[in-house]
S.K.: 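This structure is in structure tokens; I'll ask about it shortly.
So that the names make sense, note that chain A is the first sequence line, chain B the second, and so on, each numbered from 1.
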Amino acid sequence: MMQATTKEAYELLHKGVLSFGRAGVMGIRIDVEYCKRKKAHLTRKIDRLEKQLSDSELFKEWRKAYGASTNFNSGTQLAHLLYDLRGVVPPKLTSSEKQGSTDEKTLSQLGIPEIQDLLKIKQLKKIRDTYLEAFAREQIGGYIHPFSNLHTTVTYRSSVDHPNFQNIPIRDEEAMKICRRAVFPRPGHQLVELDYSRIEVKVASCYHKDPNMIAEMKDPSLDMHLDMAKELFLLQSINKKDPIHKTLRNAAKSGFVFPQFYGDYYVHCADGLACQWGGLSKKKWRRGEGLKMPLGYLSDHFIMNGINSYAEFEEHVRKVEEKFWNVRFPVYRDWKEEWWELYQKTGCLDMLTGFRCGGVMRKNEAINRPIQGSAFHCLLWSFIEIDELSLKEDWGSRLVGQIHDAILLDVLPKEFDYTLETAQRIMCEALPKAWPWIIVPLEVEADVCGVDQPWSTKEAYNLG
DNA sequence: GGAACTCGCCAC
DNA sequence: AAACGTGGCGAGTTCC
């Protein structure tokens with residue numbers, strides 16, 4: 001189903017394969033001794049936690065039910081224990097509806113004391129077995145050589161395997177530190193990450209051309225996430241520096257704006273905003289509940305503003321959603337409908353980068369795939385240009401990886417300024433010149449590690 | 001004993 | 001009217 005409709009698109013993938021191949025051959029340095037040490041350390045920690053839990057009621061019942069075949073990693077066994085033997089009503093079923101769900105969110109809701117310890121064990125095993133173990137297994141002479149593929153995804157994005165280098169933990173501080181501590185630059189070098197800011201939203205703007213969204217991309221004083229936080233949480237005024245408002249802005253961004261762009265709707269958003277971000281329970285809507293605000297709790301704040309129940313909050317989010325699309329981004333809204341109709345008529349969708357999406361698609365897929373793919377192609381084009389220039393000019397610095405909208409460079413310190421300036425120029429200036437359909441300014445953000453320091457030490461660097 | 005599947009979780 | 005996009009991978013499980 002892959003189809004390039006222009007020579008340029010065809011060449012982008014072919015050059016991309018070569019550049020990604022070079023980065024893979026180059027490889028990324030791993031502290032193998034650390035991986036082994038840390039794995040052993042985590043194993044001891046996991047054993048201790050399991051030993052502590054082994055006297056608990058939960059584990060006793062578990063062993064009684066399964067005897068010699070007891071396996072504390074088994075979701076099937078846990079679901080059987082909780083939902084069949086203990087008779088707990090499952091808050092949620094798995095997607096195939098074969099059994100009650102045992103994912104983190106569901107288990108946490110049950111209010112069983114041992115469950116938190118069990119979840120902690122699972123988290124440590126994930127770090128040990130998915131990341132440290134994979135680094136140690138895949139490394140050759142202290143370097144991993146991940147494969148970047150350009151032929152595997154329906155969107156024409158990339159995928160990476162052996163090991164996957166696109167999902168190393170970053171949001172969870174503890175997991176981030178443990179995993180990224182294993183990743184190093186070459187001796188005497190330093191790791192630098194350059195990522196396109198808001199590239200998917202910017203590329204979407206080039207498709208729908210909504211003037212309000214384009215303004216948002218051009219004017220740094222505009223902040224839709226802050227605006228939405230104000231509307232969703234009924235704030236009179238909002239201050240970006242206030243830590244509570246920062247939390248609420250983040251909630252609006254992750255719990256409303258992004259899901260809306262991916263095609264979600266108010267019922268899910270309301271649930272996520274209240275439970276995950278506001279700390280409120282869905283059923284009860286009592287005073288003194290949820291996030292602590294300067295003048296009381298979030299639940300009190302809503303009640304004071306006339307929202308007295310979860311049902312009323314959901315209705316509020318519905319109105320915010322309606323306004324979001326009908327008043328803020330009506331052109332974007334209309335584009336989605338036209339784009340969907342175009343697909344239904346023609347059976348395929350042409351991307352701005354010269355690729356054609358075909359096959360059977362649902363509405364959200366038809367809208368998201370071309371945007372996602374084109375956004376990645378901005379990165380791919382830049383990656384190729386930087387790679388080819390680095391060869392031509394014989395840099396000591398090299399591209400070693402990419403993560404959808406970011407590149408990872410292994411930089412020779414004396415080339416630091418030149419490398420960053422050059423890469424930034426290619427990413428933000430050369431690309432829009434090559435692709436005139438890009439009608440919003442592009443920006444990059446840099447994260448930099450010290451010389452001979454691991455990836456866990458990266459810090460934001462002002463490109464000026 | 002391997003292939004294919006489910007479930008869960010990490011990233012963007 | 002319907003309702004979150006894209007991946008890789010580990011462990012468990014089931015099937016052949």
S.K.: Is it the case that B/dC12 (base atoms only) and A/Arg157 (side chain only) share a donor and an acceptor within less than 3.5 Å, ignoring hydrogens and angles?
M.R.: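 Present.
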S.K.: So, do A/Phe256 and A/His268 have ring centers that fall under 6.0 Å from each other?
M.R.: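 Between A/His268 and A/Phe256, which both carry aromatic rings, the centre distance is not below 6.0 Å.
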S.K.: Which of the following nucleotides, C/dT6, C/dA11, C/dC4, is nearest to the side chain of A/Asp129?
M.R.: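 Minimum distance to the A/Asp129 side chain belongs to C/dA11.
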S.K.: Going by the angle between their ring planes, with limits at 30° and 60°, are A/Phe329 and A/Phe261 parallel, tilted or perpendicular?
M.R.: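 Tilted: the ring planes of A/Phe329 and A/Phe261 meet at 30° to 60°.
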S.K.: Nearest to the side chain of A/Ser101, heavy atoms from C-beta on, is which of B/dG8, C/dG5, C/dC4?
M.R.: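 Of the options given, the side chain of A/Ser101 lies nearest B/dG8.
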S.K.: From CD1 of A/Ile144 over to C1' of C/dG8, roughly how many Å is that when rounded to an integer?
M.R.: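 Going from A/Ile144 (CD1) to C/dG8 (C1'), I get 14 Å.
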S.K.: Which listed nucleotide (C/dG7, C/dG12, B/dC12) is nearest to the side chain of A/Ser74?
M.R.: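 Looking only at side-chain atoms, A/Ser74 lies closest to C/dG12.
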S.K.: Of the candidate nucleotides C/dT13, C/dA11, B/dC7, which contains the atom at the shortest distance from the side chain of A/Lys98?
M.R.: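 Minimum distance to the A/Lys98 side chain belongs to B/dC7.
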S.K.: What's A/Arg362 touching, base or sugar-phosphate or nothing? Going by heavy atoms closer than 4.0 Å.
M.R.: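 No contact at all - A/Arg362 keeps every heavy atom at 4.0 Å or more from the nucleic acid.
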S.K.: Is the ring centre of A/Phe184 less than 6.0 Å from the ring centre of A/Trp455?
M.R.: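 Here the rings of A/Trp455 and A/Phe184 have centres that are no less than 6.0 Å from each other.
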S.K.: Within the structure shown, what part of the strands sits under 4.0 Å from A/Pro169 by heavy-atom distance: base, sugar-phosphate, or nothing?
M.R.: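 A/Pro169: backbone/sugar contact only, no base atoms under 4.0 Å.
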S.K.: Kindly assign one of parallel, tilted or perpendicular to the pair A/Tyr332 and A/Trp325, based on the angle between their ring planes and the thresholds 30° and 60°.
M.R.: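 Ring orientation of A/Tyr332 relative to A/Trp325: perpendicular.
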S.K.: Taking the six-membered ring of A/Trp340 (Phe, Tyr or Trp), confirm whether the NZ or CZ of A/Lys345 is under 6.0 Å from its centre and within 45° of its axis.
M.R.: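 Pair A/Lys345/A/Trp340 does not count as cation-pi.
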S.K.: Is the phosphate of C/dG7, meaning OP1 or OP2, less than 4.0 Å from a side-chain N or O of A/Ser158?
M.R.: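 No, because none of the side-chain N or O atoms of A/Ser158 sits under 4.0 Å from OP1 or OP2 of C/dG7.
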S.K.: Is the phosphate of B/dC12, meaning OP1 or OP2, less than 4.0 Å from a side-chain N or O of A/Arg171?
M.R.: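 So the side-chain polar atoms of A/Arg171 do come within 4.0 Å of the phosphate oxygens OP1 or OP2 of B/dC12, strictly under.
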S.K.: Kindly say whether, by distance alone, the side chain of A/Gln372 makes a donor-acceptor pair under 3.5 Å with the base of C/dG5?
M.R.: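 Yes.
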S.K.: Mind checking if A/Val267 touches a base, just sugar-phosphate, or nothing, with heavy atoms under 4.0 Å?
M.R.: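 The answer is nothing, as A/Val267 stays clear of every strand by at least 4.0 Å.
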S.K.: Any base atoms under 4.0 Å from A/Ile367, or only sugar-phosphate, or nothing? Heavy atoms, all strands.
M.R.: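 Here A/Ile367 touches no strand at all.
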S.K.: Please find out if less than 6.0 Å separates the ring center of A/Phe376 from that of A/Tyr156.
M.R.: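 No; A/Tyr156 has its ring centre 6.0 Å or more from that of A/Phe376.
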S.K.: Look at A/Thr153 and C/dT6 and indicate whether a side-chain polar atom (N or O) is within less than 4.0 Å of OP1 or OP2.
M.R.: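 It does not, given that no N or O in the side chain of A/Thr153 lies less than 4.0 Å from OP1 or OP2 of C/dT6.
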S.K.: For C/dA11, take OP1 and OP2 only and decide whether either is under 4.0 Å from a side-chain N or O of A/Asn71.
M.R.: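 Looking at the OP1 and OP2 atoms of C/dA11, neither is under 4.0 Å from any side-chain N or O of A/Asn71.
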S.K.: Considering only C/dT6, C/dG5, B/dC12, which nucleotide approaches the side chain of A/Asn364 most closely?
M.R.: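 Among C/dT6, C/dG5, B/dC12, the one nearest the side chain of A/Asn364 is C/dG5.
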S.K.: Taking CH2 from A/Trp340 and P from C/dA1, how many angstroms apart are they, rounded to a whole number?
M.R.: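 Result: 15 Å.
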S.K.: Quick one: which of C/dG8, C/dG5, C/dT13 gets closest to the side chain of A/Gln77?
M.R.: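 Comparing C/dG8, C/dG5, C/dT13 against the side chain of A/Gln77, the answer is C/dT13.
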S.K.: Does A/Asn73 have a side-chain nitrogen or oxygen under 4.0 Å from the phosphate oxygens OP1 or OP2 of C/dA11?
M.R.: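 Checking A/Asn73 against C/dA11: no side-chain N or O falls below 4.0 Å of OP1 or OP2.
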S.K.: Give a yes/no answer on whether the side chain of A/Ser95 brings an N or O atom under 4.0 Å of OP1 or OP2 in B/dC7.
M.R.: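 Checking B/dC7 against A/Ser95, a side-chain N or O does come within under 4.0 Å of OP1 or OP2.
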S.K.: Find the distance A/Phe135:CZ to C/dG10:P and express it as a whole number of Å.
M.R.: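 Atom CZ in A/Phe135 sits about 12 Å away from atom P in C/dG10.
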S.K.: A/Leu380 has an atom CG; how far is it from atom P of B/dC12, in whole Å?
M.R.: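 Nearest whole value for this atom pair: 19 Å.
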S.K.: In plain terms, say whether A/Glu443 and A/Lys202 are close enough for a salt bridge, that is, a side-chain N and a carboxylate O under 4.0 Å apart.
M.R.: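 Salt bridge between A/Glu443 and A/Lys202, a charged N being under 4.0 Å from a carboxylate O: yes.
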S.K.: What is the distance, to the nearest angstrom, from the OH atom on A/Tyr262 to the C1' atom on C/dC4?
M.R.: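 It is 9 Å, rounded to the nearest whole Å.
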S.K.: What is the distance, to the nearest angstrom, from the CD1 atom on A/Ile127 to the P atom on C/dA11?
M.R.: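 The answer, rounded to whole Å, is 14 Å.
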S.K.: Which part of the nucleic acid, if any, lies within reach of A/Ile170 when heavy atoms closer than 4.0 Å are counted: base, sugar-phosphate only, or nothing?
M.R.: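 The residue A/Ile170 makes sugar-phosphate contact but no base contact.
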S.K.: What does A/Asn368 touch in the nucleic acid at a heavy-atom separation under 4.0 angstrom: a base, only the sugar-phosphate, or nothing?
M.R.: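 Sugar-phosphate: the residue A/Asn368, judged by heavy atoms under 4.0 Å, touches backbone atoms but no base.
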S.K.: Which residues, if any, of residues 102-126 of chain A bring a heavy atom under 4.0 Å of DNA chain B?
M.R.: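 Contacts with DNA chain B under 4.0 Å: A/Thr102, A/Asp103, A/Glu104, A/Lys126.
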S.K.: Just list the side-chain donor-acceptor pairs under 3.5 Å for residues 111-118 of chain A, sequence neighbours left out, or say none.
M.R.:
{"residue": "A/Glu114", "atom": "OE2", "partner": "A/Leu58", "partner atom": "N", "Å": "3.1"}

S.K.: Counting side-chain heavy atoms from C-beta on, which of B/dC7, C/dG10, C/dC4 comes nearest to A/Ser96?
M.R.: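 So the side chain of A/Ser96 is nearest to B/dC7.
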S.K.: Using a heavy-atom cut-off of 4.0 Å across all strands, would you classify A/Arg137 as base, sugar-phosphate, or nothing?
M.R.: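 The residue A/Arg137 makes sugar-phosphate contact but no base contact.
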S.K.: If the cut-off is 4.0 Å, is A/Thr94 near the phosphate of B/dG8, judged by side-chain N/O to OP1 or OP2?
M.R.: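 Answer is no, no contact under 4.0 Å.
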S.K.: Separation of A/Glu321 atom CD from C/dC4 atom C1', in whole Å?
M.R.: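 In whole Å, C/dC4 C1' lies 12 Å from A/Glu321 CD.
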S.K.: Give me the ring orientation class for A/Tyr207 and A/Trp437: parallel if the planes are under 30° apart, tilted from 30 to 60°, perpendicular past 60°.
M.R.: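 The rings of A/Tyr207 and A/Trp437 sit tilted, inter-plane angle from 30° to 60°.
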